[in-house]
Amino acid sequence: MTTASSPPATADPVAPPAATEKLDSAVLKVAGVVVLGAIMSILDITVVSVALPTFGREFHSTPATVAWTMTAYTLALAAVIPVTGWAADRFGTKRLYLTSIVLFVAGSVLCSFAWDIGPLIAFRALQGLGGGMLMPLGMTIMTRAAGPERIGRVMAVLGVPMLLGPIGGPILGGWLIESFNWQWVFLINLPIGLIALVAAWRVLAKDEPKPSESFDFLGMLLLSPGLALFLYGVSSIAGEGKVASTKVLVPGLIGLVLVIAFVLHALRKQHALIDLSLFNDRNLTISVITMTLFSVAFMGSMLLLPSYFIQVRGEGTLDAGLLLAPNGLGAMLTMPIGGKLTDKMGPGKLVLTGIALITAALAVYTQVGADTSYLMLLGALFVLGMGMGLTMMPIMSAAMSSLTDGQIARGSTMMNIVQQTAGSIGTAVMAVVLTNKVLADQTAKAYYAVAQGAIPADQVPAPVLAAGKEGLASAFGSTYLVAMVLVALCVIPALFLPRKKVVKAEGQAAEPAFAMH
């Protein structure tokens, strides 16, 4: 039956399949808009991270207080992501995307006018409300624009800002602070945001929101505060140095109870805030499990890289950022290849290959010392990036590949919640492991205090500094061992990812969650 959107009857019925699989100019324009928004959100995290010592000096605040400029942003992300799927269905993706850009840019400008650490933390939370919607909305917009047969390639495009953030963020942040002042760490978002706003207005298709079910207010009251409290507790582990602390356990357990209560609520409610029936889809279920374990391990290990170069090798912030470049270069090499191959052969084999490369690279870092060859370290970073390029976005592709158009917004929201939560847990786990390893070695503890500027170097004997430098490097190596083991464990769920192209017609029933191909 011919519809208004069907090709003319005279169209070539044997046109090469490859022609329909290419990312045409319309899709590439949409991708450009989405990448602009994602770059703002992801770059902001890494750019601001290098400004934390500056905030401490400017506002005469302790490191624990300054850290809340990062935590407030993360908690706002966690609070807003759950409602993004419903809001996209209710109001339309274009309208919501424009709103999220405006919120993010407004928060950025307000941050640049902050007169004390308290207002800066509050304005960072406003930034997070906008930034939290940019990535799940971007995934939804791009997936709908490209269609399921090209999802691997569009996910590879969306992966570009994930590469540029870790590479360009520390470099850009260091340069802005050294050449101008800390306010430009936030003001840089203004021109990018205005360009993204105009581009989104002109390029994105007009919204045609579908009649949406009533909003799940109870679900929001359970899940958003639950995630925020849980991540607050997890984020407090590094500062407290242990899990068994009131500041960690009380909010963490309350948050966990609220999340469990939401799960019980969602299982009974037909139109819950997060559609748990999506777990009936085998590909999404396995992808969630794989992404959870991978994000804990990989995001946590990425935290260690700049710290090792700065604290053990004595590099400056800008130089440390430049030394991280091979990681992004490796991912830039493999990510486009991975996207194309995912569309042709499924994500399973690619993810397993990526995990093997990451494990091998982290094995090198388990042996780091105070004078390990830079050639070896940068080579391992390049391999690490290659592995990331074959892992993260193919997992996302697997999750989205067999969802119907009506499920895409909810599916992308769920994957972003998983990635954000698991990444926060991984960061806290690695920070605690490293801290405990340092505290267990008195010389490493002394050297760490000197590296942090807490103790003048001339107050510590030279032999103690030399031993402490090796001890601190050893602590990093031991922490990398934990990360390597966690990454290697990702092989178990990855074995269940599809190893052939996923083809699913609209309305087709999802496979059982643990059915084998």
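Residue numbers run from 1 in the order of the sequence given. Computed from a predicted structure; not experimentally measured. Computed over heavy atoms, backbone and side chain alike; hydrogens, waters and symmetry mates excluded.
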> Has the side chain of Asn327 got a donor or acceptor atom that lies under 3.5 Å from a matching backbone atom of Gly385?
Replying inline: yes
> Between atom CD1 of Ile254 and atom CG of Leu249, what is the distance when rounded to the nearest 0.5 Å?
Replying inline: 10.5 Å
>> I'd like to check Asp371 versus Glu470 (side-chain heavy atoms, cut-off strictly below 4.5 Å). Are they in contact?
In response: yes
> What pair of heavy atoms forms the shortest contact from Leu377 to Phe309, and how long is it?
Replying inline: CD1-CE2, 4.2 Å
>> Looking at every non-hydrogen atom in both residues, tell me the closest pair between Ala297 and Leu486 and how far apart they are.
In response: CB-CB, 3.4 Å
> Should we count OH of Tyr374 as having more than 12 external heavy atoms under 6.0 Å?
Replying inline: yes
> Is there side-chain contact between Leu194 and Val105, with at least one heavy-atom pair below 4.5 Å?
Replying inline: no
>> Minimum heavy-atom separation for Val418 and Met291, please, with both atom names.
In response: CG1-CG, 4.1 Å
> Is the centre of the Phe59 ring less than 6.0 Å from the centre of the Trp182 ring?
Replying inline: yes
>> Return the OG1 to CZ distance between Thr372 and Arg313, rounded to the nearest 0.5 Å.
In response: 6.0 Å
> Between Leu229 and Leu258, is any pair of side-chain heavy atoms under 4.5 Å apart?
Replying inline: yes
>> I'd like to know if the side chain of Thr479 reaches the main chain of Ala475, judged simply by a donor and an acceptor atom lying under 3.5 Å from each other, with no hydrogens or angles considered.
In response: yes
>> Treating Arg202 as the side-chain partner and Leu197 as the backbone partner, does any N or O pair qualify as donor plus acceptor under 3.5 Å?
In response: no
> Do Tyr447 and Thr443 come within less than 4.5 Å of each other through their side chains, counting heavy atoms only?
Replying inline: no
> What heavy-atom pair brings Leu103 and Gly130 nearest, and what distance separates the two atoms?
Replying inline: CB-CA, 3.9 Å
> Got Leu323 and Leu378 here, is their nearest side-chain heavy-atom distance under 4.5 Å?
Replying inline: yes
> Minimum heavy-atom separation for Gly107 to Leu126, with atom names?
Replying inline: CA-CD2, 3.8 Å
>> Counting C-beta onward and ignoring hydrogens, is there a side-chain heavy-atom pair between Val364 and Tyr480 closer than 4.5 Å?
In response: no
>> Rounded to the nearest 0.5 Å, what separates atom CG in Leu187 from atom CG in Asn181?
In response: 8.0 Å
>> Main chain of Met386, side chain of Thr334: is a donor-acceptor contact present, judged purely on distance under 3.5 Å?
In response: yes
> Quick one: CZ on Phe186 to CZ on Phe123, what's the gap to the nearest 0.5 Å?
Replying inline: 11.0 Å
>> Would the distance check show the side chain of Ser295 and the main-chain N or O of Thr292 forming a donor-acceptor pair, the cut-off being under 3.5 Å?
In response: no
>> When you measure from the side chain of Arg124 to the backbone of Cys111, do you find a donor-acceptor pair of N or O atoms at a distance under 3.5 Å?
In response: no
> CZ/Phe55 to CD1/Ile117 distance, rounded to the nearest 0.5 angstrom?
Replying inline: 7.0 Å
> Where is the tightest heavy-atom contact between Ser108 and Gln127, given as atom of each residue plus distance?
Replying inline: OG-NE2, 2.7 Å
> For Leu333 and Phe382, what are the C-alpha separation, side-chain angles and deciding distance, and is it a side chain to side chain contact (heavy atoms under 4.5 Å, CB included)?
Replying inline: CA-CA 10 Å; Leu333 175 67; Phe382 185 76; 4.0 Å; yes
> When rounded to the nearest 0.5 angstrom, what is the spacing between CZ in Phe104 and CG in Asn189?
Replying inline: 4.5 Å
>> I want to check something: taking the side chain as every heavy atom from C-beta on, are Met335 and Met388 in contact at a cut-off of under 4.5 Å?
In response: yes
>> Within the 4.5 Å heavy-atom criterion, are Val487 and Met484 side-chain neighbours or not?
In response: no
> Has the side chain of Asp441 got a donor or acceptor atom that lies under 3.5 Å from a matching backbone atom of Ala444?
Replying inline: yes
>> Determine whether a donor-acceptor pair (N or O, by modelled atom type, separation under 3.5 Å) exists between the side chain of Lys94 and the backbone of Trp201.
In response: yes
